[in-house]
Each structure stands twice: as C-alpha cells, then as structure tokens.
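In listed order, ligands and their atoms are each counted from 1. If you're wondering where the values come from, they're calculated on a predicted model, not measured in any experiment.
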Amino acid sequence: MAIMEFPKDMKWGAATAAFQIEGAAYKDGKGLSIWDTFSHTPGKVLNGDNGDVAIDSYHRYEEDIQLMKELGIDTYRFSVSWPRIFPAGSGEVNQKGLEYYHNFVDALLANGIEPMCTLYHWDLPQALQDKGGWDNRETVEAFADYAELMFKEFKGKIKNWITINEPWCVSFLSNFIGIHAPGNQDLQLATNISHHLMLAHGKAVTRFREAAIEGGIGYAPNVEWLEPFSNKQEDIDACNRGMGFLMEWFFDPIFKGSYPDFMVDWFEKKGVTLQIEEGDMEIISQPIDFLGINYYTGAIGRYKKDADLFDLERIDIGFEKTDFGWFIYPEGFYRVLAKIKDQYGSIPIYITENGACYNDGVENGRVHDQRRIEYLKQHLTALKRSIDYGVNIKGYLTWSLLDNFEWAEGYDKRFGIIHVDFNTLERTKKDSYYWYKQTISNGWFDMFY
Ligand SMILES: N=NNCCOCCOc1ccc(-c2cn(C[C@@H]3NC[C@@H](O)[C@H]3O)nn2)cc1
C-alpha cells in the first residue's frame with residue numbers, strides 16, 4: 001500500500017457545460033447559439049452530430065444530481081446557456097431560462113453540492129454573432145450585462161463564478177484554426193477576439209465587485225506543457241512561443257496588465273496588431289479571486305520553420321495517447337502548475353478541467369475504463385507534487401461527470417466517469433466513477449491498486 005494523500009480542505013468536483021449536456025435546444029424560449037448553427041452546418045461536426053438533445057440533462061438533471069450526490073463531490077461546475085437567459089443576446093430576459101437554472105441550482109444546494117458557474121462556455125447567442133460576435137465591442141457590453149444579471153439573480157446561491165472558459169479555444173481555435181464555432185480562419189480577427197474576451201472578463205469582474213456579491217470570481221484558461229526536444233535555443237524559444245499562445249497571452253493581461261512582448265513581437269511579424277483602447281488594460285487587470293486551470297495534455301516540441309504559426313513542431317517520442325489521440329503527459333501537469341506559481345504567484349487555483357477521452361463501452365452493466373483510472377492517478381500524483389511545491393491548489397474537478405457532446409468531435413469522444421448511451425440516454429457508472437468516489441471519500445488513493 002502506498003497512498004497518495006491530498007489536503008483535507010481540498011475540494012473535489014466534476015465539470016460539464018450547457019451546450020454539451022442540456023439539449024432542449026429550442027425549448028422554453030431559448031434562443032439559438034453559434035453552436036446550434038455550427039453543429040447544423042454540414043461538415044462541421046463529426047457524423048453530423050448536434051446539440052439538439054445532447055444527453056438531455058435539461059430534463060434529467062435531478063437524476064444527474066443524485067449521481068453527483070452518491071459520488072460525494074463537494075462542488076459541481078456547470079455553465080449557463082447565455083441564449084437561454086437572453087435569447088437575442090441582450091434586451092428581453094427569458095424568465096423560463098432563469099427559472100430552469102434556479103430549479104437546478106436549488107437542487108444542487110439541497111443535495112449539499114456547491115455550484116461553480118461558468119458564464120461563457122462557448123455558446124454565444126447567434127443574434128450577437130450576426131452583429132460581429134466577439135469582434136464587436138457591443139458583445140463585450142452585452143456579456144457584462146448578462147453577467148451582472150446572473151450575479152444579482154443568483155446572489156446567495158452561487159458563490160463561485162467563472163467568466164470565460166478557455167479563451168484560447170474561443171479566439172484562436174474557433175477563429176484562426178477554425179475547427180470550432182463560428183469557424184473563421186483569420187489571425188487578426190482571432191487576436192481582436194482574444195483581447196475582447198479579456199475585456200469582457202474584466203468588465204464582468206467590475207460588475208461583480210460593484211454588486212458586492214459574496215464569493216469569488218475567476219476565469220478558466222486551458223494550458224499545455226511543451227518540453228523542448230533539446231537545449232538548443234531555437235527549440236526552447238519555439239516551445240516558449242507555443243506555450244505563450246495559451247499561457248502568457250491570456251495570463252499576462254490579467255496578472256501583469258500588459259501582453260507579453262515576445263508574443264506581441266511575433267504576432268507583429270505575422271502582420272497582426274493588437275487593437276487596445278484607452279482604459280482596456282486597467283479593466284482587464286483588476287484582481288481576481290481564483291484561477292481555473294484546464295489541463296489535458298502536452299508534447300515534446302522543437303523548432304521547425306513554418307511547421308505552425310510559431311515555427312513549432314510537436315513530435316511523437318512514444319508517449320501513450322488517449323482515444324482522442326492526445327499525448328498523456330502528467331509530468332507536464334506538474335511543470336505547468338509550477339510555472340504558473342513561479343510566474344504569477346500564489347493565486348488560489350481550482351483545476352476546473354482534467355480528464356481523458358476513452359471510449360470504453362458497457363459490458364454486462366459495467367464500463368471497465370481502467371485507462372481513465374490510470375490517467376487520473378497519474379495526474380492527481382502530479383497535482384500532489386505541485387501542492388508540495390507550494391502551488392495554491394483549492395480544488396480538483398474532473399472533466400467530465402458525464403459523456404457528452406465533445407464539440408467538433410460530436411458524440412465520438414467520451415470524457416465522462418459516467419457512460420451515457422446516446423440513443424437511450426441511459427446513464428451507467430464507469431469503474432472510474434467508483435474509483436473517484438472512493439478517492440473523494442478517503443482524501444487519498446492507493447498508488448499501486
Ligand atoms: N495548441 N495548438 N494546437 C494546434 C492545433 O490544434 C488542433 C486541435 O486543437 C484543439 C485544442 C484543444 C481542444 C480541447 C478540447 N477540450 C475539451 C473541452 N474543454 C472544455 C470542455 O468543453 C471540453 O469539452 N479542451 N481543449 C480541442 C482541439
């Protein structure tokens with residue numbers, strides 16, 4: 001027996017997002033989101049999958065909450081569908097949307113589960129996209145108004161708020177690489193959007209402080225670790241640029257009040273300029289209460305001219321991969337958390353997403369996802385190492401509670417500790433669910449069993 005033990009006050013949880021689980025895409029006054037539009041656009045989502053039904057959590061949340069209660073989690077991270085609250089993105093409020101989330105949050109609280117609410121998890125109201133989306137500063141104001149309404153509406157019920165989930169995915173993956181909604185491929189546009197997302201975050205924090213809401217607010221960037229293949233400066237620099245794309249670009253504005261020069265210079269060489277207006281950086285860089293970190297993977301990187309935007313090539317040195325094809329790199333989890341502490345200090349951190357895609361199916365009522373258990377053990381071990389290094393970890397929330405709509409991969413990629421039959425919508429607890437339940441109950445796990 002060799003136990004890996006965690007601080008008694010560390011919170012344990014699980015995460016999901018509205019568009020990925022709710023379904024009810026046209027019900028009770030909800031407006032269209034860009035993901036409704038994108039998923040119904042031929043060729044955008046694998047197998048032509050869409051979020052019309054998803055896993056029907058809109059109607060099944062009471063069942064799902066019982067599964068959470070049995071699991072023993074302290075906190076559950078969910079997101080609100082902005083177009084369920086403001087069908088047109090702003091203006092008239094949909095009372096049925098508010099009613100749905102009140103019923104949902106009340107059920108969480110009644111079962112002793114602390115809600116952690118993400119305001120923006122990618123489902124922008126289509127009506128705002130039709131007016132330029134995040135490239136339009138009016139969307140920034142609309143987000144601040146939506147955030148303020150939610151803060152006041154759920155005052156006393158929701159205490160932990162996340163403004164923006166994975167701003168890199170919202171800006172660059174969705175508007176430069178183009179595989180997520182709305183599917184643009186324009187680096188200047190993506191860079192404008194990245195700045196407007198930071199501004200939207202800052203304006204929401206301002207409204208949170210003005211409304212004197214009890215609790216805390218943060219955001220949830222996604223990070224990866226890129227280890228240089230050699231000590232050659234060109235390899236080190238290429239990896240720093242690749243990591244800077246996700247980390248410094250989205251951390252420095254908030255924690256340092258400016259964009260990282262090495263990235264600004266690189267973007268300028270690519271013909272891209274930042275359009276910052278007077279006062280923007282002061283709004284963006286006001287203090288936050290916690291940082292959410294989403295970590296899945298990393299890679300070994302080396303310099304290769306024009307291999308990607310940063311002259312960076314990710315190389316395969318034989319790391320095992322998940323069923324998504326991502327390298328399994330738990331050392332990278334520790335390294336990235338240590339880097340955050342070294343560069344940005346001891347801000348409280350929640351791991352708001354960590355998990356793996358494994359597509360194991362149901363066999364005689366069970367799902368033997370031992371590979372997911374191993375992934376979680378390896379990454380929780382790396383997390384404990386970061387705690388021992390002094391990283392201020394406040395909680396760990398696995399992605400995801402339930403198999404769900406994995407964006408451009410549709411229902412082909414399963415991240416849940418609970419299996420969902422996407423035809424019958426039947427939920428089946430995986431072996432990883434039972435393992436996570438025991439780990440939460442103990443506050444530790446046996447490294448060798
Ligand atoms: N970095 N450069 N990449 C170069 C080219 O990448 C091409 C593909 O890129 C990516 C990068 C990242 C992702 C991704 C998915 N999730 C999982 C969701 N997280 C939020 C929650 O909703 C989960 O469903 N997190 N991240 C997908 C594709």
Decide if atom NZ of K96 counts as having more than 12 heavy atoms of other residues, nucleotides or ligands within a radius under 6.0 Å.
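No - once you tally the heavy atoms of other residues, nucleotides and ligands closer than 6.0 Å, there are 12 at most.
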Testing W399, F415, Y329 for ring pair (Phe, Tyr, Trp, His ring centres under 6.0 Å) with Y296, which one passes?
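Only one option passes, and that is F415.
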Just to verify, which of W122, F78, F405 counts as forming a ring pair (Phe, Tyr, Trp, His ring centres under 6.0 Å) with F19?
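One option only clears the test, and that one is F405.
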Any nitrogen or oxygen of [X] lying under 3.5 Å from a nitrogen or oxygen in ligand 1? Just yes or no.
| X | value |
| --- | --- |
| N294 | no |
| E166 | yes |
| N222 | no |
| E406 | yes |
| Q20 | yes |

Is the gap between the ring centers of Y120 and H201 under 6.0 Å?
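Ring-ring flag for Y120/H201: false, centres at least 6.0 Å apart.
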State whether [Y] and [X] meet the cation-pi test: NZ (Lys) or CZ (Arg) under 6.0 Å from the six-membered ring centroid, and within 45° of the perpendicular axis.
| X | Y | value |
| --- | --- | --- |
| R302 | F229 | yes |
| R385 | Y334 | yes |
| K413 | F324 | yes |

Taking the side chain as everything from C-beta on, heavy atoms only, tell me whether M198 gets closer than 4.5 Å to K203.
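No. Closest side-chain heavy atoms not under 4.5 Å.
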In terms of relative ring orientation, are Y344 and F251 parallel, tilted or perpendicular, with 30° and 60° separating the classes?
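Geometry flag for F251 against Y344: tilted rings.
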What is the nearest protein non-hydrogen atom to [atom], stated with its residue, atom name and distance?
| atom | value |
| --- | --- |
| atom 5 (C) of ligand 1 | I177 CD1, 3.9 Å |
| atom 10 (C) of ligand 1 | L173 CD1, 3.8 Å |
| atom 1 (N) of ligand 1 | R314 NH2, 3.3 Å |
| atom 19 (N) of ligand 1 | E353 OE1, 2.8 Å |
| atom 3 (N) of ligand 1 | W168 CH2, 4.1 Å |
| atom 7 (C) of ligand 1 | I179 CD1, 4.3 Å |
| atom 14 (C) of ligand 1 | W326 CH2, 3.6 Å |

Does H180 have a non-hydrogen atom less than 4.0 Å from ligand 1?
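No.
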Looking only at heavy atoms of N165, does any of them come nearer than 4.0 Å to an atom of ligand 1?
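Yes.
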Please lay out, stage by stage, how N165 and T118 fare under the test side-chain hydrogen bond (donor to acceptor under 3.5 Å, both in side chains).
CA-CA 7 Å; N165 184 69; T118 306; 5.5 Å; no
Identify which one of K339, R314, R335 satisfies the salt bridge (charged side-chain N to carboxylate O under 4.0 Å, His left out) criterion when paired with E227.
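Of the listed residues K339, R314, R335, the salt bridge (charged side-chain N to carboxylate O under 4.0 Å, His left out) partner of E227 is R335.
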With heavy atoms only and a cut-off of under 4.0 Å, state how Y296 meets ligand 1: side chain, backbone, both or neither.
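The answer is the side chain of Y296.
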Please could you name the atoms of ligand 1 that W407 approaches to less than 4.0 Å, counting only its heavy atoms?
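Under 4.0 Å from W407, ligand 1 has these atoms: 21 (C), 22 (O), 23 (C), 24 (O).
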Of all the atoms in ligand 1, which lie at a distance below 4.0 Å from a heavy atom belonging to E224?
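Answer for ligand 1: 1 (N).
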